[in-house]
Asks: 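Right, I'll just put the structure down here and ask away after.
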Amino acid sequence: TRRSPISCQLRSTAAQSYSRVNAGPARRTPTTSGELFSAPLRTVAAGAMQQTPGRNPSYLALSIFNLLCCCLPLGIVALVCSIRVENAAGLGDTERAAKASRTAKILNIVGIVLGIIALIVIIVIFAVQKSRQQNDGN
């Protein structure tokens with residue numbers, strides 16, 4: 001069977017696009033028609049779901065804690081950044097994942113500190129009101 005030049009060109013373009021999207025060391029494998037198809041090498045190790053050294057932490061659990069317990073506005077933004085880390089890491093965009101990870105970390109730290117400060121201020125205000133009420137009653 002003879003293939004038209006257009007279908008061979010489309011197959012070659014699709015293989016190049018596949019190699020670019022799925023970055024990684026590529027291997028050349030022959031197809032049944034003798035053409036070479038470029039496909040990335042992928043290694044899946046046992047425990048692949050564990051944290052790898054090159055992976056950016058998403059701080060998702062900390063963002064949820066911050067959202068529910070400390071500072072709602074910063075918790076929402078930190079949660080969005082945490083989700084962006086997961087999305088960028090899934091697409092292989094490590095630079096964007098690293099930036100979103102740093103942003104989520106900073107927002108979580110600021111949110112927790114503001115939550116602690118707000119809690120201390122509320123406790124002091126209630127303590128002052130309670131002491132004023134006791135002084136007015138005497």
Asks: Give the cluster check for Ile76 versus Ile83: same hydrophobic cluster or not, with ILVMFWY residues linked at side-chain heavy-atom distances below 4.5 Å.
Replies: yes
Asks: Indicate if Val128 and Val121 have the same hydrophobic cluster label, given that clusters are the connected sets of ILVMFWY residues with side-chain heavy-atom separations under 4.5 angstrom.
Replies: no
Asks: Identify the heavy atoms of Thr103 and Cys81 that sit nearest to each other, and give their distance.
Replies: CG2-SG, 3.6 Å
Asks: Side-chain polar contacts of residues 107-117 - donor-acceptor pairs under 3.5 angstrom, sequence neighbours left out - could you list them?
Replies:
residue	atom	partner	partner atom	Å
Asn108	OD1	Asn66	ND2	3.2
Asn108	ND2	Ser63	OG	3.1
Asn108	ND2	Ala104	O	2.9

Asks: About how many Å separate CD of Glu86 and CZ of Arg55, when rounded to the nearest 0.5 Å?
Replies: 5.0 Å
Asks: The test is side chain to side chain contact (heavy atoms under 4.5 Å, CB included); show your working for Lys99 and Glu95 and say whether it passes.
Replies: CA-CA 6 Å; Lys99 184 178 178 184; Glu95 183 179 327; 6.0 Å; no
Asks: Find the distance between CG (Leu60) and OG (Ser82) and round it off to the nearest 0.5 Å.
Replies: 5.5 Å
Asks: Mind listing the closest non-hydrogen atom pair of Asn56 and Ser101 along with its distance?
Replies: CB-CB, 3.9 Å
Asks: Residues in salt bridge (Lys or Arg N to Asp or Glu O under 4.0 Å) with Arg96, at least two apart?
Replies: Asp93
Asks: Do you reckon Ile106 sits in the same ILVMFWY cluster as Leu72, going by side-chain contacts under 4.5 Å, direct or chained?
Replies: no
